[in-house]
Number of protein chains: 2
Amino acid sequence: MKLETIDVRQTASATDLVFEALRKAIIEGELAEGEHLRQDRIAQMFNTSRIPVREALQRLEQDGLVTTQRYRGTVVAALSAVEIEEIFEFRALLESEVIRLAVPALTRKQLDAARTNLEAFATASDPGGWGEANRKFHYGLYEAADRPYHLQIIRSSLDRVDRYLRAQLTLTDGKKRAHREHLSILDACERGDADEAASLTRAHILDAGRSLLAILEKRRGQSV
Amino acid sequence: MKLETIDVRQTASATDLVFEALRKAIIEGELAEGEHLRQDRIAQMFNTSRIPVREALQRLEQDGLVTTQRYRGTVVAALSAVEIEEIFEFRALLESEVIRLAVPALTRKQLDAARTNLEAFATASDPGGWGEANRKFHYGLYEAADRPYHLQIIRSSLDRVDRYLRAQLTLTDGKKRAHREHLSILDACERGDADEAASLTRAHILDAGRSLLAILEKRRGQSV
DNA sequence: TTAACTCAGATTGGATCCAATATACAATCG
DNA sequence: CGATTGTATATTGGATCCAATCTGAGTTAA
């Protein structure tokens, strides 16, 4: 008898599972800013003890998604306008450079995949779908740069602001504009124009940031 | 009787202390690449249980300083030449941009402090002293940019390669060259030439990276 | 009335104990 | 003698328990 050898070692711990679930919930905006994350309540939800929950919360804190005060608990992080602005500025710098490095290495297959993701973004009906398609479009292109560390940091910085970004995209003109910008970025990639792709990506991110801040301004003005 | 009100709330947990101590030991190269970090041994060293140790190890893993395999333990991370190269490239991009933003905002006081740190770097006699002075010099200038998120990422990326960098600086010409480059960066800052300071910083980091990789190449060539 | 105090409940931080897994070495079989 | 299997030990992952701290309602005193 011959069997395929399969590695059955468990790769995901309870901590990993809890971390991923909470991360997803925060990024997608299901947990509101400032909401308390009680350890035993979460432990019950996942049928574990508080140990993996605490470890997951610590990881989330390192990623800037929650803030913890000793003996007082953990809440979903709230970013100020200034903090959000800085992260968009950071992303613009980093992502424009990575797309510049990616363009010369892009394969036909990667370009086609990008067009598919671009259309998925346009036709997606819910915020979760947009967010996913948006990430796939950009990251799919970035992959060609072969810079795993850059990509890891890019992911982490998008994670911090993604919930705000998704809220911004609920406005139809924001989504339409993003789609137009995606189109022109992809065109530049197809033409092999790295500088243009970088410049468009930079503008794309800064545009989204400005638009987002304007909305936040308005909303906070109303609520006060 | 009147007393000044002082906040005595403990801010550092056992986890924080263990994390900081291990982080420092790894960054300064006291723990060798691939060295095993056994939970109970470390717990004994710090007179705690394994819980804070595990949490500290998880944080270190998120920072890329150690790698963990389920049920097999944690070892000090070993970076490949390609990985080191990418991180230097990343730092060059980020730090040159941050110094560009900092220059117009630099105060006389900050410039003077930078000169002090620059001299401390030149006169420091041990690797630990160089590393400290090097960080103080660069980060002191970056502070003026008022970009805390950028700075956090800069710190994290330097952490990953600092132990290799300190080893590189043990070669006297490496240290001398670094000192000369520091001087010209500071000069550009004094003149208010942001572009020049950015360009010099970029070259400074890439130089160090190239020099470091050459040494690694040689060493690994010998050991094989 | 109001500010300070007390104490009970809630919540987190850490220690100890048990379960799951990996590794090394002895035992067994061809 | 070599490959394989069983087993003992080491080590990590997770559960439960205890200690430390915060919070807030009720109480008391100026």
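Hydrogens, waters and symmetry mates play no part in the numbers below; they use all other heavy atoms, side chains included. None of the values given here were measured: they were computed from a predicted structure. Sequence lines set the chain letters: A, B, ... in the order given, protein chains first and strands last, and positions in each chain run from 1.
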S.K.: Go through L22(A) and R59(A) one step at a time and tell me if the side-chain contact (heavy atoms from CB on, under 4.5 Å) criterion holds.
M.R.: CA-CA 10 Å; L22(A) 290 178; R59(A) 287 195 207 171; over 6 Å; no
S.K.: So, does E61(A) use its side chain to make a donor-acceptor pair with the main chain of T68(A) at under 3.5 Å?
M.R.: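 Yes; at least one donor-acceptor contact below 3.5 Å.
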S.K.: Is R23(A) salt-bridged to D159(A), cutoff N-O under 4.0 Å?
M.R.: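 Salt bridge: yes.
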S.K.: Quick one, give me the B/S/- string for nucleotides 8-18 of chain C, reading 5' to 3', where B means a protein heavy atom under 4.0 Å from the base and S means that only happens at the primed atoms, P, OP1 or OP2.
M.R.: ---SBBBBB--
S.K.: If I compare all heavy atoms of R41(B) with all of H36(B), which pair ends up nearest, and what's the gap?
M.R.: NH2-O, 4.4 Å
S.K.: How would you list, by chain and number, every residue that makes a ring-ring contact (aromatic ring centres under 6.0 Å, His included) with F137(B), sequence neighbours excluded?
M.R.: H182(B)
